[in-house]
Protein chains: 2
Amino acid sequence: MAVCAALEDDEVGALERIMTSRRLGPNETLVEEGQARTRVFTLTAGMLRLSVALPDGRRQITGFLMPGDYLGLADDEVHSASAEAVEPSALCAFPVRQMEALTERFPKLRDRLHHFTRAALRQAREHQLILGRLAPVEKLASFLVLLSARTVEHRLAPSPVRLPMGRGDIADYLGMTVETVSRSFTKLRNQNLIAMPDPHAIEIVDARALKAVAGLPDHGS
Amino acid sequence: MAVCAALEDDEVGALERIMTSRRLGPNETLVEEGQARTRVFTLTAGMLRLSVALPDGRRQITGFLMPGDYLGLADDEVHSASAEAVEPSALCAFPVRQMEALTERFPKLRDRLHHFTRAALRQAREHQLILGRLAPVEKLASFLVLLSARTVEHRLAPSPVRLPMGRGDIADYLGMTVETVSRSFTKLRNQNLIAMPDPHAIEIVDARALKAVAGLPDHGS
DNA sequence: CGCTATTTTGAGCGCCATCAATTTGGGTGG
DNA sequence: CCACCCAAATTGATGGCGCTCAAAATAGCG
């Protein structure tokens, strides 16, 4: 039972029965903003980006999903964000109808969903702080610190931190331009806070100093 | 039963029994970031601001609460944001312990809470877009449009839109400075999109044009 | 009616977005 | 395996916009 993570005890069987799996290639779209929400998903491998867009094409990435994360926590009838694969990904799909039925039978399942929704809301609020009040280098430092923290939470190889997403994605996540993202990377590297074997791998050289630059209050540990 | 809004049918009685009420003066603090979460609240009158702060004093306001809104949707054990009164306010308080007990007995109550949490998450994501990708005038226009929409949702007098919060609060909500907020107000006024009888009352003169400036995709109506 | 806090307006500068060029990397076919 | 090609990332130069500092005007309040 490694294929679909984040499930537990008795409801596993019931879930397995209604579950289908899905694979996505790089940059493939899973759901589009505004589409009817017919299924919910759990990511089992890879990484997704959630984004909302303006009519003129500007885009804000609201979050990245890592294995074990749920998709569609925020939504009722329609998807409020688009979801695309950053890299080759795999996920489990559950029809919302049947999911709701299971949710009735297994209160624990519902509790867990609610719990994840609250966690997502807290994460979104922290992101608001980053977007609204941090300077570019601070934003990037926060991003690396938080991503690194999530990497260990998800029991993935901690160092170097993998950055599957491109600079454009990071820019749209942090509310800046690609050029500024790149320049901020260079600054952190020149201060020897990080090392960059290649653009998609970051070694955190001085974690304490990086957190200091990030300026975020550390939530635990 | 007008004192505590947003409640329904059979659980009203049970809720009333565990409920206590509380009043706040302007700028009075209700909960502080990091405090243990012992009670949940519903706002019945006035307005609250939710905020998170950086060690160096910078502040991001994550949202404003209007009558009928819940406080503490995002939190488990501790409050992840501070809550202060913008203007004189009144609210109902429920001990979390007893609230959880009621939540067991009345699934509908739990559903409604979960529903509000999802709505808050969607709102936070829209706020992320505003913070990350809009220019100052666009931010302010969005703010006015959304506030106006919420004012009618909450069945309050629609025009002029009341702005109980000061310019500093708006700045910390939109991720800009007081000066830029003020200049943006002036720009909107000079283009005759709004009128400002006084700093805390805005008349939307040209709603369509204001929405165009806001640049947000309209979610319905 | 005078005081203080808030808001608005003003001047100047620094930083980030923009535009542009260069370098690097990844992927494909020879 | 290497050469080539295109996309992605970095670096460079410039200008505009929003932040900072400062002053004036307005509002709110006793």
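Hydrogens, waters and symmetry mates play no part in the numbers below; they use all other heavy atoms, side chains included. So you know, we letter chains A, B, ... as the sequences are listed, proteins then strands, and number each from 1.
Across all strands shown, B:M196 has heavy atoms under 4.0 Å from sugar-phosphate atoms exclusively, and none from any base.
Looking at heavy atoms from C-beta onward, B:E32 lies in side-chain contact with B:S82 at the 4.5 angstrom threshold. For the pair B:M99/B:L113, a side-chain contact is recorded, criterion being any heavy-atom separation below 4.5 Å from C-beta on. Inter-residue side-chain proximity for B:H127 and A:L131 is flagged as unmet; no heavy-atom pair is nearer than 4.5 Å. Between A:I202 and A:L147 there is no side-chain heavy-atom pair separated by less than 4.5 Å.
Side-chain nitrogen and oxygen atoms of A:T177 include at least one within less than 4.0 Å of the OP1 or OP2 phosphate oxygen of C:dA17. At the phosphate of D:dT10, OP1 or OP2 sits under 4.0 Å from a side-chain N or O atom of A:R167. When the side-chain nitrogen and oxygen atoms of B:T180 are compared with OP1 and OP2 of D:dG18, none of them lie within a distance under 4.0 Å. For C:dT9, the OP1/OP2 oxygens have a side-chain nitrogen or oxygen of B:T186 closer than 4.0 Å.
Rounding to whole angstrom units, CD of residue B:E179 and P of C:dC13 are separated by 17 Å. The CG-P distance, from B:D172 to C:dT6, rounds to 13 Å in whole Å. Taking atom CG of B:L134 as the reference point, atom P of D:dC17 lies 16 Å away to the nearest angstrom. Rounded to a whole Å, the CG atom of A:L163 is 13 Å from the P atom of C:dG26. When rounded to the nearest whole Å, the span between CZ of B:F185 and P of C:dT6 equals 16 Å. The nearest whole Å value for the distance from the CD1 atom in A:I170 to the C1' atom in D:dT10 is 14 Å. When the P atom of C:dT8 is taken as reference, atom CG of B:L140 falls 10 Å away, rounded to whole Å. Atom CE of B:M176 is separated from atom P of D:dT20 by 13 Å (rounded to the nearest Å).
Of the candidates D:dT20, C:dC16, D:dA9, C:dC16 carries the atom nearest the A:P136 side chain, counting heavy atoms from C-beta on. Across C:dC16, C:dT8, C:dG25, the shortest atom-to-atom separation from the side chain of B:S182 is found for C:dT8.
The base of C:dT18 lies close enough to the side chain of A:R183 for a donor and an acceptor atom to sit less than 3.5 Å apart.
Mapped onto DNA chain C by nearest heavy atom, B:N27 and A:V137 fall at different nucleotides, with B:N27 at the one closer to the 5' end.
Geometrically, B:R150 does not engage B:F64 in a cation-pi contact, judged by NZ or CZ lying under 6.0 Å from the ring centre and within 45° of the ring axis.
Between its opening and closing five pairs, the helix from C:dC1-D:dG30 to C:dG30-D:dC1 changes axis direction by 50°, a value rounded to 10 degrees.
Remark: A:E33 does not engage B:R125 in a salt bridge, criterion side-chain N to carboxylate O under 4.0 Å.
Dense packing is recorded around CZ of A:R22, with more than 12 heavy atoms of other residues, nucleotides or ligands lying under 6.0 Å away.
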